[in-house]
Amino acid sequence: MNDETKCLHAGYTPGNAEPRVLPIVQSITYAYDTAEEIAKVFDDPTLSLVYSRFGNPTVMAVEDKIAALEGGVGAMCTTSGQAANLLAVLNICGAGDHIVSLGSIYGGTTNLFTVTLKRLGITTTFVSGDDSDAAIDTAFTDRTRLVFGETMANPAMTVLDIERFARIAHAHGVPLIVDNTFATPVFCKPIEFGADIVVHSTSKYMDGHAVQIGGVIVDGGTFDWENGKFPEMTEPDESYHGISYTKAYGKAAYITRARMNLMRDFGVYPAAHSAFLLNLGLETLPVRMRQYHANGLRVAEYLQSHPKVVSVKFPALPSDKDHALYKKYLKGTCAVISFTIAGGRAKAMAFLDALKLVTNEVHVADIRTCILHPASSTHRQCTDEQLRAAGIDEGLVRLSVGLENVEDILADLEQAFEVI
Ligand SMILES: *Cc1c(COP(=O)(O)O)cnc(C)c1O
């Protein structure tokens, strides 16, 4: 099946006279005829369902759809994108371990890595896509367990050289985890380029309508966990009656461990109704992404030629620094445009206040056009140095172009420029 078809049909096929639309199975638990049958599921939770903290039919249908879209062997939904990032890391990192991450990532993830994971004893070294291979190699320690980056970074809109970072990660015996939120699998499938694990905030384009926070982890099934660095994946798990995830679940070892071990303990599994809403968004994802691309490109071209704009970061523009990477890895951009307004912080904030149609909101990838000033909001906690590493200028604004008629969006931007 092609993506458009997968978005409508993967994950759920009704049997004879069953509901045409994915049903909401609003039940915490599942009834069994015998105690023996429940015991069997405790031995192997992939057999069936016992409790909706590990799995639920509505959520699992959506997991299968997303795994099919990304080309993975399995997926697990979480209650937020942050929960997906947290569990994706904790599945293979413990106290004393180390992460190599691109600096140009979402501010919330920078915070997770530099503050909360640090308190748990997991440290991070940030690198840049502009660094040489030799410089990136020096960031690794013998405790490095993964490399992390974003396909198209929020909000810097830099493009990750996935093949290059996969090669570097694999040379050090660790997986590459890619946050594919902005690209969506419609525009890029990182596993095809060598990424091992893909994470998403489904709160963005996948949901699309700004109704439901969510996240997902997809296992590519490609990484060799038996290289001696990942005993939690290969050695018996005493908390799961001595199971070895690689021996029992082969290519799906990582995602099975994430569910059986981490989801059990952290309990950040979405409700069935949340997954139902996410599924509605997924059904139209390819159509929406194409229109986002068209609207985004048109607005980016307008901004690029505007005298009050210092610079525009939008990789689909031929003049963009990452345009070659964009052409290699992406079939389209999303409609997030980072641009810098002349006059710094004060002018940027005045511009936001002058907009009428475009909403000031802390979100991105809403179906309605919205705008945000990262330095005073999402990245408020970052030091100047972290802001620079994330590619954020004080006058930078992040515009998320929606699906209104693009002429109306342009008219609102123009009147706000006139005001400032
Ligand atoms: C929004 C976002 C997150 C966090 O997702 P939530 O669903 O808000 O928790 C993580 N990564 C990226 C790239 C994001 O855009």
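Indexing begins at 1, ligand by ligand and atom by atom, following the structure's order.
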> Got a list of side-chain donor-acceptor pairs under 3.5 Å for residues 174-186, not counting sequence neighbours?
{"from": "Asp179", "atom 1": "OD1", "to": "Thr181", "atom 2": "N", "distance (Å)": "3.1"}
{"from": "Asp179", "atom 1": "OD1", "to": "Thr181", "atom 2": "OG1", "distance (Å)": "2.5"}
{"from": "Asn180", "atom 1": "OD1", "to": "Thr151", "atom 2": "OG1", "distance (Å)": "2.8"}
{"from": "Asn180", "atom 1": "ND2", "to": "Glu70", "atom 2": "OE2", "distance (Å)": "2.9"}
{"from": "Asn180", "atom 1": "ND2", "to": "Cys188", "atom 2": "O", "distance (Å)": "3.0"}
{"from": "Thr181", "atom 1": "OG1", "to": "Ser201", "atom 2": "N", "distance (Å)": "2.8"}
{"from": "Thr184", "atom 1": "OG1", "to": "Val186", "atom 2": "N", "distance (Å)": "3.2"}

> Under the criterion side-chain contact (heavy atoms from CB on, under 4.5 Å), which of Ile217, Thr78, Leu90, Val268 is the partner of Leu262?
Leu90
> Tell me, please, which residues at least two apart from Gln415 pass side chain to side chain donor-acceptor pair (under 3.5 Å).
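By the side chain to side chain donor-acceptor pair (under 3.5 Å) rule, Gln415 matches Asp412.
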> Show the short N or O contacts, below 3.5 Å, that ligand 1 makes with protein N or O atoms; if there are none, say 'none'.
{"from": "ligand 1", "atom 1": "5 (O)", "to": "Ser201", "atom 2": "OG", "distance (Å)": "3.0"}
{"from": "ligand 1", "atom 1": "7 (O)", "to": "Gly81", "atom 2": "N", "distance (Å)": "2.8"}
{"from": "ligand 1", "atom 1": "7 (O)", "to": "Ser201", "atom 2": "OG", "distance (Å)": "2.8"}
{"from": "ligand 1", "atom 1": "7 (O)", "to": "Ser203", "atom 2": "OG", "distance (Å)": "2.6"}
{"from": "ligand 1", "atom 1": "9 (O)", "to": "Gly81", "atom 2": "N", "distance (Å)": "3.1"}
{"from": "ligand 1", "atom 1": "9 (O)", "to": "Gln82", "atom 2": "N", "distance (Å)": "2.9"}
{"from": "ligand 1", "atom 1": "11 (N)", "to": "Asp179", "atom 2": "OD2", "distance (Å)": "2.8"}
{"from": "ligand 1", "atom 1": "15 (O)", "to": "Asn154", "atom 2": "ND2", "distance (Å)": "2.8"}
{"from": "ligand 1", "atom 1": "15 (O)", "to": "Lys204", "atom 2": "NZ", "distance (Å)": "2.7"}

> Does the ring centre of Phe223 sit less than 6.0 Å away from the ring centre of Phe230?
yes
> In terms of the angle between their ring planes, are Phe339 and Phe417 parallel, tilted or perpendicular, with boundaries placed at 30° and 60°?
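Plane angle between 30° and 60°, so tilted.
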> Can you list every side-chain hydrogen bond (donor to acceptor under 3.5 Å, both in side chains) pair that touches residues 364-373, not counting sequence neighbours?
Asp366-Arg368, Thr369-Glu404, His373-Ser376
